[in-house]
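Everything below concerns the one structure shown next.
In what follows, every chain begins at residue 1, and chains take the letters A, B, ... in the order their sequences are listed.
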Amino acid sequence: MLDIQALRNDLAGVAERLATRGFVLDAARFQELEAQRKSIQTRTQESQAKRNSSSKLIGQAKAKGEDVSAIMAEVANLGDELKQLETRLSEVQHELNAFLAVIPNTPHGGVPIGKSEADNLEVRKVGNIPKFAFEVKDHVSIGEGLDGLDFDTAAKISGARFSLLKGPMARLHRALAQFMLDTHADQHGYTEVYVPYIVNADSMRGTGQLPKFEEDLFRVPRVMGEDGEQNFYLIPTAEVPVTNIVRDEIVPLEKLPMKFVAHTPCFRSEAGSYGRDTRGMIRQHQFDKVELVQIVHPEKSYEGLEELLGHAEVILQKLGLPYRVVKLCTGDMGFSAALTYDIEVWLPAQNTYREISSCSNFEAFQARRMQARFRNAQGKPELLHTLNGSGLAVGRTLVAVLENYQQADGSVMIPEVLRPYMGGMEKLSL
RNA sequence: GGAGAGGUGGCCGAGAGGUCGAAGGCACGCCCCUGCUAAGGGCGCAUACGAGCUUAAACUUGUAUCGAGGGUUCGAAUCCCUCCCUCUCCGCCA
């Protein structure tokens with residue numbers, strides 16, 4: 001959520017910044033709602049003040065045993081008018097909140113202006129693209145050839161966009177997650193957390209998935225009391241449960257920064273991408289991801305983002321996978337982000353780089369929604385900044401390992417750092 | 001699934017229709033005292049949104065907020081209804 005003060009003070013400026021990411025702010029609507037809110041709120045408060053002071057008089061008079069009927073009569077009519085005003089006020093406030101809840105974050109000044117992926121800025125390329133003396137296969141052919149990937153059975157069990165891993169392939173998938181988790185926890189100073197995979201709507205609102213992107217989520221309906229229906233949701237990323245650790249909290253200054261790493265499955269309905277990446281495990285309804293989250297002091301958030309990005313890169317470097325880092329342009333950034341770096345890994349079969357991590361600074365956007373604060377040096381609560389990034393998407397990392405380490409005979413070499421997790425195995429073969 | 005007990009400020013915890021934004025304690029901040037430390041004393045200390053004043057802050061003032069939403073009442077933390085959450089015991093269960 002944006003700071004409503006920013007909208008009040010500099011509506012045109014905010015609108016301009018939002019326009020760079022393709023969001024048209026209905027400024028007139030905002031002004032109208034604000035004007036309504038202001039006038040109704042003033043009148044309501046005047047009316048409430050009158051009621052309160054009269055009621056106080058009644059209390060005092062009664063305590064002295066005086067006659068009270070005169071004042072009672074005076075206050076009698078206040079009720080209806082006040083109730084109406086209060087109702088109107090809460091309506092307007094709800095409209096205003098709904099209006100604010102769907103406005104994306106304003107991009108940081110360093111974000112390149114652009115419309116799409118094509119306008120992203122390449123920051124650096126790392127590693128050497130492997131050369132193959134034979135015709136490269138994609139991960140599906142490699143995996144099926146090794147009897148490790150089985151999409152047909154997954155489709156029978158569940159449907160499209162699910163995968164089934166078997167034998168050493170399943171173990172390699174687990175090895176990757178373990179390796180990532182260990183690296184971040186032991187070498188990068190993150191606290192490992194195990195979190196719920198099903199969360200409530202408040203948490204989804206906190207990180208910005210709701211109210212705008214419900215169609216991307218898997219909803220778990222629950223029937224509550226009489227009129228009560230309250231949904232749970234499967235997490236689309238560990239960002240949601242992990243960042244919400246600090247929702248409605250006031251963190252002591254000395255506890256900052258907080259760094260968490262979690263390995264979770266992620267569930268996405270992938271509504272709106274029906275035709276894309278239908279083959280293989282690039283785009284699934286269920287995939288595993290190791291996620292890094294930092295909860296930081298506002299002045300440290302960009303420093304933190306560079307650090308976090310570096311931590312994610314280490315994984316690729318240790319795995320010996322070539323990648324590049326791109327800074328997303330305004331038009332390609334997610335709803336809540338102020339600045340995002342994507343890490344893209346080289347996939348030989350696609351002859352291109354594909355996203356394997358996304359590292360963002362949300363500044364106070366999520367913190368404001370979550371009321372996640374810390375106590376500053378003056379002792380006053382202040383909004384935190386939140387950051388997160390994949391470190392990394394496990395399924396896509398497996399794809400990258402299979403494709404980059406494939407051999408002419410259909411086998412796949414196992415990167416050194418993973419071998420301890422594979423019982424010393426050096427290669428996947430039939 | 002059955003039975004019970006609770007949800008109050010950063011934390012603990014009183015309050016049971018009026019003068020309660022809420023006693024007391026802890027934590028925190030400033031000050032005093034003290035050779036150091038410990039102990040002691042004084043003062044301050046919720047958040048949000050308005051209005052006034054202001055370049056701004058500070059300040060003054062109004063309103064709201066005692067799990068959430070509704071209701072009763074001139075007036076609700078306190079009474080009624082619905083819901084959510086937490087805890088304890090029994091059952092079941094990995």
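Distance noted for atom P between A39(B) and G29(B): 14 Å (whole Å). Comparing the same atom, C1', in A77(B) and in G7(B) gives a spacing of 12 Å after rounding to whole Å. The same atom, P, is picked in G24(B) and in A14(B); the two are 15 Å apart, to the nearest Å. Separation of the C1' atoms belonging to G17(B) and C74(B) is 12 Å when rounded to the nearest angstrom.
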What side-chain donor-acceptor pairs closer than 3.5 Å can you find for residues 246-262 of chain A, not counting sequence neighbours?
residue, atom, partner, partner atom, Å
Arg247(A), NE, Asn244(A), OD1, 2.8
Arg247(A), NH2, Ser203(A), OG, 2.8
Lys259(A), NZ, Glu307(A), OE1, 2.9

N/O donor to acceptor pairs below 3.5 angstrom from side-chain atoms of residues 356-365 of chain A, sequence neighbours left out:
residue, atom, partner, partner atom, Å
Ser357(A), OG, Ser390(A), O, 2.6
Ser358(A), OG, Asp342(A), OD1, 2.8
Ser360(A), OG, Thr340(A), OG1, 2.8
Asn361(A), OD1, Glu363(A), N, 2.7
Asn361(A), ND2, Ser301(A), OG, 2.9
Glu363(A), OE2, Tyr302(A), OH, 2.4

Could you pull out every donor-acceptor pair under 3.5 Å between side chains of residues 15-25 of chain A and any protein atom, sequence neighbours left out?
residue, atom, partner, partner atom, Å
Arg17(A), NH1, Pro107(A), O, 3.1
Thr20(A), OG1, Arg17(A), O, 2.6
Arg21(A), NE, Asn105(A), O, 3.0
Arg21(A), NH2, Gly334(A), O, 2.8
Arg21(A), NH2, Ala337(A), O, 3.2

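For the side-chain contact (heavy atoms from CB on, under 4.5 Å) test, residues two or more places apart in sequence or in another chain that qualify with Thr42(A) are Glu46(A). Under the rule for a salt bridge (charged side-chain N to carboxylate O under 4.0 Å, His left out), the partners of Lys166(A) that lie at least two apart in sequence or sit in another chain are Asp147(A). Take Asp150(A) and apply the salt bridge (charged side-chain N to carboxylate O under 4.0 Å, His left out) test, not counting sequence neighbours, and it matches no residue. Phe213(A) is linked by a side-chain contact (heavy atoms from CB on, under 4.5 Å) to Asp216(A), Phe335(A), counting only residues two or more places apart in sequence or in another chain. Partners of Glu426(A) under the side-chain contact (heavy atoms from CB on, under 4.5 Å) rule, at least two apart in sequence or in another chain, are Arg419(A). Here Asn52(A) pairs with nothing under the side-chain contact (heavy atoms from CB on, under 4.5 Å) rule; sequence neighbours left out.
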Just to be sure I follow the notation: if a pair is Watson-Crick (purine N1 to pyrimidine N3 plus N6-O4 or O6-N4) or a G-U wobble (N1-O2 and O6-N3), each under 3.5 Å, what dot-bracket string does RNA chain B give, with | for pairs to another strand? ((((((((.[[[..)..(.....]]].(((((.......))))).(((((((......))))))).[[[[[..)....]]]]])))))))....

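Among all heavy-atom pairs drawn from Gln371(A) and Arg368(A), the shortest one is NE2-O, 3.2 Å.
Spacing between atom CG of Asn231(A) and atom C1' of C84(B) amounts to 14 Å, rounded to whole angstrom units. For the pair Phe232(A) CZ and C85(B) C1', the interatomic distance rounds to 11 Å; values are reported in whole Å. For the pair Glu34(A) CD and G50(B) C1', the computed distance is 11 Å after rounding to whole Å. Protein atom CD of Gln5(A) is 13 Å distant from nucleotide atom P of A56(B), rounded to whole Å. Distance Asp248(A) CG to A48(B) P: 14 Å, rounded to the nearest Å.
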Show me the protein contacts with nucleotides 9-12 of chain B, counting only N or O atoms at under 3.5 Å.
residue, atom, partner, partner atom, Å
G10(B), O4', Arg375(A), NH2, 3.1

Can you check nucleotides 59-66 of chain B for protein contacts, nitrogen or oxygen pairs under 3.5 Å, and list what you find?
residue, atom, partner, partner atom, Å
G62(B), N2, Gln45(A), OE1, 3.0
G62(B), N2, Gln45(A), NE2, 3.1
U63(B), OP1, Asn52(A), ND2, 3.4
U63(B), O3', Gln48(A), OE1, 3.3
U63(B), O2', Gln48(A), OE1, 2.7
A64(B), OP1, Arg51(A), NH2, 2.9
A64(B), OP2, Asn52(A), ND2, 3.4

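The environment of CD in Glu299(A) is sparse: at most 12 heavy-atom neighbours from other residues, nucleotides or ligands sit within 6.0 Å.
In this model, a donor atom of one side chain and an acceptor atom of the other lie less than 3.5 Å apart for Gln366(A) and Thr386(A).
Residue contacts for Pro381(A): at a heavy-atom cut-off of 4.0 Å it reaches the sugar-phosphate backbone alone, with no base atom in range.
Here Lys38(A) reaches the OP1 or OP2 of A51(B): one of its side-chain N or O atoms lies under 4.0 Å away. Regarding contacts with the backbone of G50(B), every side-chain N or O of Arg43(A) stays at 4.0 angstrom or more from both OP1 and OP2.
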